[in-house]
Protein chains: 2
Amino acid sequence: MPATAAAIVANRAFPAPLPAAIREEEDVLNPAAAVARMGTVVSFTRNAEIFGEDEPADHVFVVLSGVVRICKLLGDGRRQIETFCLKGDAFGWETAERTRFSAEAVSECRLARVKRSLLFSRATDDSALARAIWNLTFTELHRAQDHLLLLGRKTAQERVATFLLDLARRSSPVDLSEVHLPMSRQDIADYLGLTIETVSRTLTQLEGSAAIALPSSRCIVLRDRNALRRLDS
Amino acid sequence: MPATAAAIVANRAFPAPLPAAIREEEDVLNPAAAVARMGTVVSFTRNAEIFGEDEPADHVFVVLSGVVRICKLLGDGRRQIETFCLKGDAFGWETAERTRFSAEAVSECRLARVKRSLLFSRATDDSALARAIWNLTFTELHRAQDHLLLLGRKTAQERVATFLLDLARRSSPVDLSEVHLPMSRQDIADYLGLTIETVSRTLTQLEGSAAIALPSSRCIVLRDRNALRRLDS
DNA sequence: CGAATTTATTGATCGAGAGCAAAGACCTAA
DNA sequence: TTAGGTCTTTGCTCTCGATCAATAAATTCG
């Protein structure tokens, strides 16, 4: 479906000249380019809050660089990270007027910020844009559905293996075996529905079974993708 | 957001006369009515497969009556129910050409079946329809995100309480305290990421703490909604 | 209607992952 | 460079929910 969205975006005629800062990065975020192009660039430092839970939902964002986590908190400290947004991902879609989760910068990041009202009013006259928005939303739904299966039915090893393969696939177009982890163990744990200790132990186990190597805590080498895929099932 | 979708639907001008069988039920499924109206009625018996995993995705469905489960299987027997679709819910949205899960009738049910190609080609010229489709998709995303939090971070009691309140809310517009469970314990377990035994035990516990009553296995009386809401948090 | 079969409940035990604690690795700053 | 953080790993114990097993209730069918 990235292909479909990209095609739609490519076929659009753009009325206004592109802001230079965005145009130069256009190639790297095809599916969301039509949306990003309508926005302005904003930057956030590590751990900065982009928006909080239950705030007015006025903007949609597209990641230009860096990583963002989308999370929900439960009364007590418990936190669930719904998804990590990487370069080219869009977030902040809402039908209601208030946000249902918070968004925070995992690493330094640059985002394109687009006014929701502008986006949706343009989409009314521009069916290609409407379709692009639908595709982006749908991609999110797919991700959430896969995440659901992982949280409901997979073991710790399966969860970690799935996570690593997914991150590797999304981080780099080529199948590089060395993967950089932009997020902390706590972030990974809150994404996978585990504790930091279990994430750490599981990584050690996978290293023991030669599926991965851990040259440093934020760098993982996928040594045996098939072993991981077997766990991913 | 049902209000938004309903408003959009109400404002549409419909070119073709409505099939009588669908028109008579129109009032009960406002948000999805615009979609349902374009389809034909099909019926399924209990446990019948509506479509399987990885089949051509040619149709979108709207539930007219009965309940449908959307599920995914993991190599071995493990099953995750992504969602239960009740009257007025739409399912079968895909961007790819193949389905990513299966859909089965939980109870006898009647559905409106709509050709995807027709739906999307009409949406190109009809921005209100496009918006209605986006809203329906987005409602699914919301549901999946709440489900994610439940599976990742909630205890068995919290999961069951959340499920009961959600089902009660969706089953009936008025706050009826008696809720009929259309699905088996196995279905509930596979939705909540638990086992049938744990679901059963948890219901017994909730009965013990006077939060609910269980006159029969498929009928639940919500005796203390606040106690349940406290668990739902 | 009662026998057969499926579905739900309850009990007893087990184990994956949580929780707690301590040690080790890694940053950052002075 | 060292001192003071933070983040990660590892060990030990405990708990919640899974698993195995046996009834009990509900449904189906002859």
Side-chain angles (χ1 to χ4, degrees), chain A residues 45-47 69 74 76-81 106-108 150-164 180-209 212-220 231, chain B residues 45-47 69 74 76-81 104 106-108 150-164 179-209 212-220 231:
Chain A
T45 57
R46 210 165 105 69
N47 290 323
R69 60 175 175 256
L74 218 44
D76 48 349
R78 286 177 288 175
R79 182 179 71 154
Q80 176 66 46
I81 294 184
V106 168
S107 60
E108 292 254 325
L150 178 149
L151 292 175
R153 288 298 177 215
K154 290 190 180 180
T155 64
Q157 282 219 0
E158 291 168 337
R159 293 183 197 201
V160 171
T162 304
F163 173 71
L164 293 178
H180 173 72
L181 299 180
M183 68 291 287
S184 69
R185 294 290 187 272
Q186 187 63 64
D187 283 344
I188 298 174
D190 287 344
Y191 176 78
L192 296 178
L194 300 170
T195 58
I196 37 173
E197 293 95 329
T198 300
V199 170
S200 185
R201 269 186 267 267
T202 305
L203 287 170
T204 308
Q205 282 169 34
L206 291 175
E207 191 177 31
S209 61
I212 64 170
L214 288 152
S216 80
S217 74
R218 293 297 185 106
C219 175
I220 294 203
L231 285 169
Chain B
T45 57
R46 211 165 105 68
N47 290 322
R69 60 177 175 253
L74 217 44
D76 48 350
R78 285 176 288 175
R79 182 180 72 156
Q80 177 65 46
I81 294 185
E104 295 157 7
V106 168
S107 59
E108 292 254 325
L150 179 150
L151 292 176
R153 287 296 176 218
K154 290 191 180 180
T155 64
Q157 280 218 359
E158 292 167 337
R159 294 183 197 200
V160 172
T162 304
F163 173 71
L164 293 178
V179 183
H180 173 71
L181 299 179
M183 68 291 284
S184 69
R185 294 291 186 271
Q186 186 64 63
D187 283 343
I188 298 174
D190 287 345
Y191 176 78
L192 296 177
L194 300 169
T195 58
I196 36 173
E197 293 94 330
T198 300
V199 169
S200 186
R201 268 187 267 268
T202 306
L203 286 171
T204 308
Q205 282 170 36
L206 290 176
E207 191 178 30
S209 61
I212 63 169
L214 287 150
S216 79
S217 74
R218 293 297 185 104
C219 175
I220 294 201
L231 286 169

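Just so it is clear, the values below take in all heavy atoms, side chains as well, and ignore hydrogens, waters and symmetry mates. Fair warning: this is a prediction, and the values are worked out from it, not measured in the lab. Below, chain A is the first sequence line, B the second, and so on; all start at residue 1.
- A straight line from CD1 of B/Ile196 to C1' of C/dT10 spans 12 Å, rounded to a whole angstrom.
- Comparing C/dA8, D/dT8, C/dG19 by their nearest atom to the side chain of B/Arg218 picks out C/dA8.
- At the heavy-atom level, B/Leu194 lies under 4.0 Å from the strands shown only through sugar-phosphate atoms.
- Shown here for A/Ala189 and A/Ile196, the closest heavy-atom pair between the two residues is CB-N, 3.6 Å.
- Regarding B/Asp190, its CG atom lies at a distance of 14 Å from the C1' atom of C/dT7, rounded to whole Å.
- Distance CD (B/Gln205) to P (D/dG17): 9 Å, rounded to an integer number of Å.
- At a cut-off of 3.5 angstrom, counting only N and O atoms as typed in the model, there is no donor on one side facing an acceptor on the other between the side-chain of A/Glu197 and the base of D/dC12.
- Residue A/Leu214 forms a side chain to side chain contact (heavy atoms under 4.5 Å, CB included) with just one option from A/Leu206, A/Leu203, A/Leu181, and that option is A/Leu203.
- Checked by distance alone, A/Gln186 brings no side-chain donor or acceptor within 3.5 Å of a matching partner on the base of D/dC7.
- In this structure, A/Ser200 reaches the bases: a heavy-atom distance under 4.0 Å links it to at least one base atom across the strands shown.
- When heavy atoms are screened at a 4.0 angstrom cut-off, B/Thr155 is found touching the sugar-phosphate backbone but no base atom.
- The interatomic distance linking B/Leu181 (CG) with C/dA8 (C1') rounds to 12 Å, in whole Å.
- Within 6.0 Å of atom CZ in A/Arg46, 12 or fewer heavy atoms from other residues, nucleotides or ligands are found, so the atom counts as exposed in its surroundings.
- Between the CG atom of A/Leu203 and the C1' atom of D/dC7 there is a distance of 14 Å, given to the nearest Å.
- In this structure, A/Arg159 reaches neither bases nor backbone, as no heavy-atom distance under 4.0 Å exists between it and the strands shown.
- Residue contacts shown for A/Arg201 include a base, since a base heavy atom lies under 4.0 Å away.
- A straight line from CZ of A/Arg185 to C1' of C/dA25 spans 12 Å, rounded to a whole angstrom.
- Atom C1' of nucleotide D/dT27 and atom CG of B/Asn47 are separated by 13 Å, given to the nearest angstrom.
- Regarding contacts with the backbone of D/dT10, a side-chain N or O of A/Thr204 is found under 4.0 angstrom from either OP1 or OP2.
- We find that CG of A/Leu214 is positioned 14 Å from C1' of D/dC7, with the value rounded to whole Å.
- Here the nucleotide nearest the side chain of A/Ser217, chosen from D/dC12, D/dT8, C/dT9, is D/dT8.
- The two residues B/Leu192 and B/Leu151 make their nearest non-hydrogen contact at O-CD2, 3.3 Å.
- Residues A/Met183 and A/Phe163 share a closest heavy-atom pair of SD-CZ, 3.9 Å.
- Contact annotation: B/Thr198 side-chain N/O to D/dG17 OP1/OP2 distance is not under 4.0 Å.
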